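In what follows, a structure is listed as structure tokens, so that the remarks can point back to it.
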Amino acid sequence: MRASKMNISTLREDPSEAEIASHRLLLRGGYLHKSGAGLYLYAPLLKRVLDKVARIVADEIASTGGLEIVMPILQEQALWEASGRWETYQASRTMLTVRDRGGMVFGLAPTAEEVVTDYAAHVVKSHKQLPVTFFQQHTKFRDEIRPRFGLMRVKEFIMMDAYSFHSSDESLDATYQAMRAAYDRAFRRLGLEAFAVEADSGAIGGSGSHEFMVAADVGEDTILYCPESGYAANVERAIGTVPAAANWDTAPAAPIITPTPGVGTIEQVVEYLRAHGHPSIMPAHLVKTVLFVAKTAAGSHSVAACVRGDRSLNEVKLTNALSRLLAAEGPILLLRPMQADEVRDATGADPGFAGPVKGLKVSRCLADRTLEGSTRMVTGANLTDHHILGFAIAHDAGVPVIFDDLVTIVPGDACPQSGNPLQGKRGIEVGHVFKLGTKYSQAMKAEFTGADQKLHPFVMGCYGIGTSRVVAAAVEQHHDADGICWPCAIAPYHCVVVPTKSGDAAVEQAAETIYRELAAQGIEAVIDDRDVKPGVKFKDWDLLGIPFRVVCGRGITEGLVEFKARCGAVENIPVSSAVATVVERVRAAIAG
RNA sequence: CGGACCGUAGCUCAGCUUGGCUAGAGCAUUGCGUUUGGGACGCAAGGGUCGCAGGUUCGAAUCCUGUCGGUCCGACCA
């Protein structure tokens with residue numbers, strides 16, 4: 001490719017809207033054009049990168065036996081009603097819906113379990129056809145509340161999604177493991193350092209799942225991990241042991257209602273009590289009671305959730321715990337904190353004085369297991385300006401309390417496997433694997449005939465890789481002050497040949513020759529034939545992140561050209577060996 | 001949806017406090033000339049309903065009200 005024909009449009013300055021490296025550099029390099037909030041046009045160079053990512057991912061999924069298909073982006077409401085997810089996705093407003101001229105309602109595919117399950121039900125009739133995996137790479141839509149970070153979180157994005165169908169859990173396990181291995185190979189080939197962590201199954205549902213994370217400070221997910229045991233989990237999912245609280249030596253042995261005028265928050269209560277006879281009290285000696293409204297298809301429930309005062313409630317865990325309690329009513333459609341007037345109705349007190357004691361009017365009260373054996377705590381009294389001191393939830397609760405794991409694990413909590421302190425870091429989720437079980441096949445009556453001549457619902461798995469997010473993650477992981485440093489396997493071109501003296505016949509001829517020979521060797525090469533100063537060329541290719549560069553310039557009279565890897569040093573090499581050097585280095589880089 | 005900030009040329013921004021002549025700069029673009037190893041220089045040119053609507057005023061980019069959009073934080077979220 002000739003640079004003069006590539007419509008290169010780089011920016012010298014950072015666009016003001018871009019905060020993170022990938023967003024900034026992709027915009028500056030002209031890879032991306034913002035078309036609307038959370039909507040991007042993929043420019044020619046980015047299209048090449050996306051194609052390469054898609055190719056590698058497809059290659060690895062196909063190597064596990066996956067069959068590539070293309071599913072429609074518009075999905076009928078009826079299909080989503082059959083799985084029971086229409087309501088969930090409407091309640092969370094994740095799915096964009098559109099209406100055709102006849103008034104028929106469609107969702108814009110946020111994912112495709114329903115469509116593919118419907119397909120499998122029609123074409124897979126026998127256990128002899130199982131297992132089978134279908135996958136696609138296609139545009140997805142999410143009605144993101146707040147698109148941000150360029151390609152990282154957008155309304156419309158490209159994703160590989162795969163769905164496997166099985167006759168047994170064992171078969172699903174085998175494919176799940178094969179898929180995890182395929183992901184590992186794919187990310188290695190893509191030049192990304194990604195690792196699997198335990199994850200919550202979320203709105204997709206199912207019995208087990210792992211996320212593939214790329215470590216990055218700008219990542220939106222928090223990961224807890226243990227170097228000793230290898231345990232790693234998304235914070236939504238992470239379990240661990242919360243260290244015991246320090247002693248509160250002045251705590252009453254039995255509950256006493258105590259005035260705490262005007263102090264509603266944990267910090268205020270602690271400060272107040274410290275000043276009133278309890279100098280050693282800590283937030284960990286308080287019970288934090290958070291009130292929610294949970295909605296299911298059957299109606300609304302008021303819910304109280306208690307955690308130790310120094311810790312945060314994990315709403316994902318709370319949602320999962322409620323799902324188990326309210327399983328008969330179907331999925332939790334919505335979980336939201338109560339507003340002030342609702343809190344007054346539920347507790348008879350102003351916000352800040354709620355507790356799992358007499359006067360609490362909720363349909364379910366849950367508490368974190370950390371509190372289960374706790375004694376001599378402080379809790380709200382459900383009476384404005386009053387708390388109860390010397391409270392033991394197991395004995396003194398005024399409502400039935402269900403204990404479950406509700407606490408958000410933080411670095412320093414003990415690893416569930418080794419007992420050592422967990423560590424924390426941030427990550428970008430680039431892939432996800434789920435064991436769905438029979439959630440969709442049962443709901444949609446997608447069945448096959450087993451060897452026992454009876455009908456069985458498919459056991460299913462689903463697997464996703466965010467193709468466009470992978471590109472952003474790759475830039476986050478591979479850039480420097482000058483620009484992007486693409487891993488060779490996904491770079492838009494492998495090598496650029498830069499003649500630095502326009503009009504110098506010897507230089508131009510050498511560059512043209514090297515360029516043609518590289519192309520003949522299968523190297524994706526660019527020749528920068530633009531009539532601009534050398535400095536402009538160097539800056540552009542550094543920004544664009546082409547992995548290798550051959551400069552034909554002042555050394556040409558001695559028969560030398562410069563060879564440089566994007567993140568390496570300049571080497572002066574003979575013109576005669578330039579092509580062989582590039583070929584060798586590109587092949588080595590792609591092989592990883 | 002709550003909080004903070006911001007909308008002026010393709011991009012980055014100044015001007016707004018204290019209303020006033022033809023609305024500015026750098027980068028980018030076009031032409032000519034000089035340049036040619038890390039985003040050159042000179043001369044010239046094009047490009048703006050100052051987000052939109054209403055109001056105050058003799059006069060509004062500037063003040064007021066509303067509205068739309070954006071960025072960040074929070075909430076939310078395969």
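Numbered from 1 within each chain, the chains take letters A, B, ... in sequence-line order. These figures come from a predicted structure and were not determined experimentally. Keep in mind that the numbers below use all heavy atoms, side chains included, and drop hydrogens, waters and symmetry copies.
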Exercise. C1' atom, B/C13 versus B/A23: distance in rounded Å?
Worked result: 14 Å
For this session: Tell me which of A/T94 and A/G38 sits closer to the 5' end of RNA chain B, going by the nucleotide each one is nearest to.
Result: A/G38
Exercise. Could you give the NE2-to-P distance, from A/H23 to B/G70, as a whole number of Å?
Worked result: 13 Å
For this session: Nearest whole angstrom, please: distance from the P of B/C77 to the CG of A/N320.
Result: 12 Å
Seminar exercise, completed: B/G74 -> Watson-Crick or G-U wobble partner, both distances under 3.5 Å, gives B/C1
Exercise. Roughly, in whole Å, what's the span from NZ in A/K34 to P in B/G70?
Worked result: 7 Å
Seminar exercise, completed: Paired to B/A44 by Watson-Crick or G-U wobble criteria (both distances under 3.5 Å) is B/U30
For this session: Mark yes or no for whether A/Q477, through its side chain, and A/V214, through its backbone, hold a donor-acceptor pair below 3.5 Å.
Result: no
Problem set entry | Residue mapping more 5' on RNA chain B - nearest nucleotide basis, A/C552 or A/E315 | A/C552
Seminar exercise, completed: Applying the 3.5 Å cut-off to both distances, the Watson-Crick or G-U partner of B/G38 turns out to be none
Exercise. Rounded to the Å, how far apart are A/W541 CH2 and B/G37 C1'?
Worked result: 17 Å
Exercise. Given atom CD of A/Q339 and atom C1' of B/C1, what is their separation to the nearest angstrom?
Worked result: 10 Å
For this session: Select base, sugar-phosphate, or nothing to describe what A/R336 touches, counting heavy atoms under 4.0 Å on all strands.
Result: nothing
Exercise. For A/L39 and B/G69, what is the distance between atoms CG and C1' respectively, to the nearest whole Å?
Worked result: 14 Å
For this session: Among B/G39, B/G37, B/C72, find the nucleotide with the atom closest to the side chain of A/P534.
Result: B/G37
Exercise. If you look at every strand shown and take non-hydrogen atoms under 4.0 Å, does A/E236 touch a base, only sugar-phosphate, or nothing?
Worked result: nothing
For this session: Take atom C1' in B/G51 and the same atom in B/C6, then report the distance between them in whole Å.
Result: 12 Å
Would you tabulate the pairs of protein nitrogen or oxygen atoms and nucleotide nitrogen or oxygen atoms of nucleotides 8-16 of chain B closer than 3.5 angstrom?
residue : atom : partner : partner atom : Å
B/U12   : OP1  : A/S16   : N            : 2.8
B/U12   : OP1  : A/S16   : OG           : 3.1
B/U12   : O2'  : A/E13   : OE2          : 3.2
B/C13   : OP2  : A/S16   : OG           : 3.4

For this session: Give the rounded distance in Å between these two atoms: CD of A/E144 and P of B/C72.
Result: 13 Å
Exercise answer: donor-acceptor pairs, residues 10-27 of chain A side-chain atoms, under 3.5 Å, sequence neighbours excluded:
residue : atom : partner : partner atom : Å
A/T10   : OG1  : A/D540  : OD1          : 2.7
A/S22   : OG   : A/E476  : OE2          : 2.8
A/H23   : ND1  : A/G150  : N            : 3.4
A/H23   : NE2  : A/Y40   : OH           : 3.1

Problem set entry | Nucleotide forming a Watson-Crick or wobble pair with B/G19, both distances under 3.5 Å | none
For this session: Using the P atom as the reference point in each nucleotide, state the distance between B/G24 and B/U65 in Å, no decimals.
Result: 29 Å
For this session: Please indicate whether A/D341 has more than 12 foreign heavy atoms, meaning atoms of other residues, nucleotides or ligands, lying under 6.0 Å from its CG.
Result: yes
For this session: Tell me what A/V498 touches on the nucleic acid: a base, only sugar-phosphate, or nothing, going by heavy atoms under 4.0 Å.
Result: nothing
Exercise. Mind checking the P distance from B/U62 to B/U18? Whole angstroms is fine.
Worked result: 14 Å
Exercise. For the side chain of A/R28 and the base of B/G39, is some donor closer than 3.5 Å to an acceptor across the two?
Worked result: yes
Problem set entry | Rounded distance in Å between the C1' positions of B/C63 and B/G15 | 16 Å
Problem set entry | Atom-to-atom span, CG of A/D504 to P of B/G37 - whole angstrom | 11 Å
Exercise. So, does the side chain of A/D482 form a donor-acceptor pair with the base of B/G38 at under 3.5 Å?
Worked result: no
Problem set entry | Over all atoms of both residues, closest heavy-atom pair of A/N314 and A/V235 | ND2-O, 3.2 Å
Exercise. A/E562 near the nucleic acid: base, sugar-phosphate alone, or nothing, with a heavy-atom cut-off under 4.0 Å?
Worked result: base
For this session: Could I get the full list of side-chain contact (heavy atoms from CB on, under 4.5 Å) partners for A/D169, not counting sequence neighbours?
Result: A/V459
Problem set entry | B/U57 to B/G69 separation - C1' atoms, rounded to the nearest Å | 29 Å
For this session: Using a heavy-atom cut-off of under 4.0 Å over every strand shown, decide if A/R549 touches base, sugar-phosphate, or nothing.
Result: base
Exercise. Any side-chain N or O of A/R148 less than 4.0 Å from the OP1 or OP2 oxygen of B/C73?
Worked result: yes
For this session: Count the heavy atoms of every other residue, nucleotide or ligand shown that sit under 6.0 Å from CD of A/E193, and state whether that count exceeds 12.
Result: no
For this session: Pick the P atom in B/C72 and in B/G33, then give their distance to the nearest Å.
Result: 46 Å
Exercise. Ring centres of A/Y231 and A/Y225 under 6.0 Å apart?
Worked result: no
Exercise. Across all strands shown, which nucleotide pairs with B/G66 by Watson-Crick or G-U wobble geometry, both distances under 3.5 Å?
Worked result: B/C52
Exercise. Cation over ring, A/K435 on A/Y463, under 6.0 Å and within 45°?
Worked result: no
For this session: Under the salt bridge (charged side-chain N to carboxylate O under 4.0 Å, His left out) rule, collect the residues that match up with A/D480, sequence neighbours excluded.
Result: A/R566
Exercise. Mind checking the C1' distance from B/A60 to B/U17? Whole angstroms is fine.
Worked result: 15 Å
For this session: Kindly say whether the aromatic ring centers of A/Y163 and A/F134 come within a distance under 6.0 Å.
Result: no
For this session: Please determine, for B/A61, whether a Watson-Crick or G-U wobble partner exists with both distances under 3.5 Å, and give it or none.
Result: none
Seminar exercise, completed: Applying the 3.5 Å cut-off to both distances, the Watson-Crick or G-U partner of B/A25 turns out to be B/U12
For this session: Sequence neighbours left out, what passes side-chain contact (heavy atoms from CB on, under 4.5 Å) with A/K501? Give chain and number order.
Result: A/D504, A/V507, A/R554
Exercise. Would you find more than 12 non-hydrogen atoms of other residues, nucleotides or ligands less than 6.0 Å from A/E87 atom CD?
Worked result: no
Extract from the structure each pairing of a protein N or O with an N or O of nucleotides 28-33 of chain B at less than 3.5 Å, listing the distance.
residue : atom : partner : partner atom : Å
B/A28   : OP1  : A/R12   : NH2          : 3.3

